[in-house]
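Notes follow the structure.
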Amino acid sequence: MYENMFSKSKQDFNSIITNDVTMKELINKAKKVSLGNSPILIYGETGVGKEIFVQAIHNNSLRKDKKILALNCAAIPTNLMEAMLFGIEKGSFTGALNRVGLLESVSEGTLYLDELNSMPIELQGKLLRVIEENTIKRVGNTNTIDMNIRFICSFNEDPEGCISRGTIRKDLYYRLNVIRLNIPPLRERKEDIYILIDYFIKKYNNKFKGNIKGVTKEVMHQFLKYDWPGNVRELENSLEALFNYKSQGFFELEDLKNIDSCILCMKRKSLKERVEEVEKEYIKEALIIGGFNITKAAEILDMPRQTLQYKIKKYKLDE
C-alpha cells in the first residue's frame, strides 16, 4: 500500500529507454525541475513508466539522500487513509496508540501519491492544507507538526476529466499542477519498440540464461501495428512470457500463439477510426473548457449546435 521506493532500485534518468524526441524533451524537462521543490503532476496511462520518472526525479534532486515513499491511493481503504497519512495520537479513540503517519515519516524527503484521483474528496482538502501550510496534525491532536516534503502526484486518467467528474478537487489540482509532465503512451512513440525489444531481450537472456537473438520481421510487424494498451509494461511482460517457451534463436509468429495476448488478432485501425478517435478527444476537451455547455462547446469547435449534439450521442459522451 505504501513503500519505501529505495527498497526496489535506484532508478535514474538513464533508466528511461527511449529514442523518441518527445520523450527526450520530457526527460530534459524533468531533470531541470528535479532540482527544485515545487509539486509535480505526472499524467500517463498505466504502464508508461511513471514510477521510473518519480525515482529519477528524486535521485537527481537535493533530497536524494532522504526518503522517498510511495502511496497507491487506489489501494487504501477510505476509512484507513487519513490515519495512514497523518498518523494517530494516543487516546484519540478507544485503543488508539501513537502512530507516525506517512507524511511525518517522509519529512525532508519526497512523497509520491499514485492515482491521486482515487483519494476521497474530503481527504483531498486536508492534503491541500498540508501542501500550502507545510504542517500536519495527527488524528486526535490539535498540535501542528512542521513538514518539508516534495510532493509528486500521478493520474492514470485525464486530470481535467477527473475535475469534471468530481474525483479531484479543482483547488488541489491547481496547487499540484505547478509542473506538469505528460508521458506519451507507447502507441504514440512506436519507434521506441525497436530499442525496448533489444533492451528486454538482453534483460531476459540474462535472467533465463537464454540466447534469443531478436524477433523476426513478421513479429516486429505485429508489434508495430499493435496499440499496446498496457504500454511498456505490456511489451515487457509479453517478451518475458515468450522466454518461458523458447530460449534460442529468434521469436517467430508461431511463438506468439503460446502467450495470452491480443498481438496476433490486432487489426490496424482504419483512417476513419483514427479520425473519429481524434474528433472524440477534441469534443471532450471543448465540453470541459465550455463547462459542459453545448452552445459554448459548439462555438469553441466552430460547429453547429445540432451537429455537436449528434456527435455527443454518437460517441456516448453524455453518459
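Sequence positions, counted from 1, serve as the residue numbers for this chain.
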- prompt: Heavy-atom count around Lys311 NZ within 6.0 Å, excluding the residue itself: above 12?
  reply: yes
Main-chain N/O of Leu69 paired to His58 side chain as donor or acceptor, under 3.5 Å: no
query: Can you tell me if Lys296 uses its side chain to pair, donor with acceptor, with the backbone of Ala286 under 3.5 Å?
result: no
field: Which atom of Ile121 lies closest to which atom of Arg169, heavy atoms considered
entry: O-CD, 3.7 Å
field: Glu279 and Tyr315 side chains, donor-acceptor separation under 3.5 Å
entry: yes
field: Side-chain ion pair, Glu191 and Lys24, N-O less than 4.0 Å
entry: no
- prompt: Going by distance alone, is a donor N or O of one side chain under 3.5 Å from an acceptor N or O of the other, for Ser154 and Asp114?
  reply: yes
- prompt: If you count the non-hydrogen atoms of other residues, nucleotides and ligands that lie under 6.0 Å from CD in Gln306, is the total more than 12?
  reply: no
Which atom of Ile168 lies closest to which atom of Pro159, heavy atoms considered: CG2-O, 4.1 Å
Gln124 side chain vs Thr167 backbone, donor-acceptor pair below 3.5 Å: yes
Flag if over 12 foreign heavy atoms under 6.0 Å of CZ, Phe208: yes
query: Between the side chain of Arg63 and the main-chain N/O of Gly109, is any donor-acceptor distance below 3.5 Å?
result: yes
field: Residues, nucleotides or ligands: over 12 heavy atoms within 6.0 Å of Asn28 CG
entry: yes
query: So, Lys246 side chain and Phe250 main chain: donor-acceptor pair closer than 3.5 Å or not?
result: yes
- request: Check step by step if salt bridge (charged side-chain N to carboxylate O under 4.0 Å, His left out) holds for Lys284 and Glu281.
  value: CA-CA 5 Å; Lys284 281 171 63 178; Glu281 289 306 310; 3.6 Å; yes
message: Regarding Arg138 and Glu104, does a basic nitrogen lie under 4.0 Å from an acidic carboxylate oxygen?
response: yes
query: Are side-chain heavy atoms of Thr18 and Leu26 found at a separation under 4.5 Å?
result: no
Output a table of donor-acceptor pairs, distance under 3.5 Å, between side-chain atoms of residues 196-207 and any protein atom two or more places apart or on a different chain; print 'none' if there are none.
unit_1: Lys203; atom_1: NZ; unit_2: Glu236; atom_2: OE2; d: 2.6
unit_1: Tyr204; atom_1: OH; unit_2: Glu236; atom_2: OE2; d: 2.7
unit_1: Tyr204; atom_1: OH; unit_2: Glu240; atom_2: OE1; d: 3.4
unit_1: Asn205; atom_1: OD1; unit_2: Asn211; atom_2: N; d: 3.2
unit_1: Asn205; atom_1: OD1; unit_2: Ile212; atom_2: N; d: 2.8
unit_1: Asn205; atom_1: ND2; unit_2: Ile201; atom_2: O; d: 3.3
unit_1: Asn205; atom_1: ND2; unit_2: Ile212; atom_2: O; d: 2.9
unit_1: Lys207; atom_1: NZ; unit_2: Glu240; atom_2: OE2; d: 3.4

Whether over 12 other heavy atoms sit under 6.0 Å from Lys314 NZ: yes
- prompt: Looking only at atom types and distance, does a side-chain atom of Arg150 sit under 3.5 Å from a main-chain N or O of Ser38, one as donor and one as acceptor?
  reply: yes
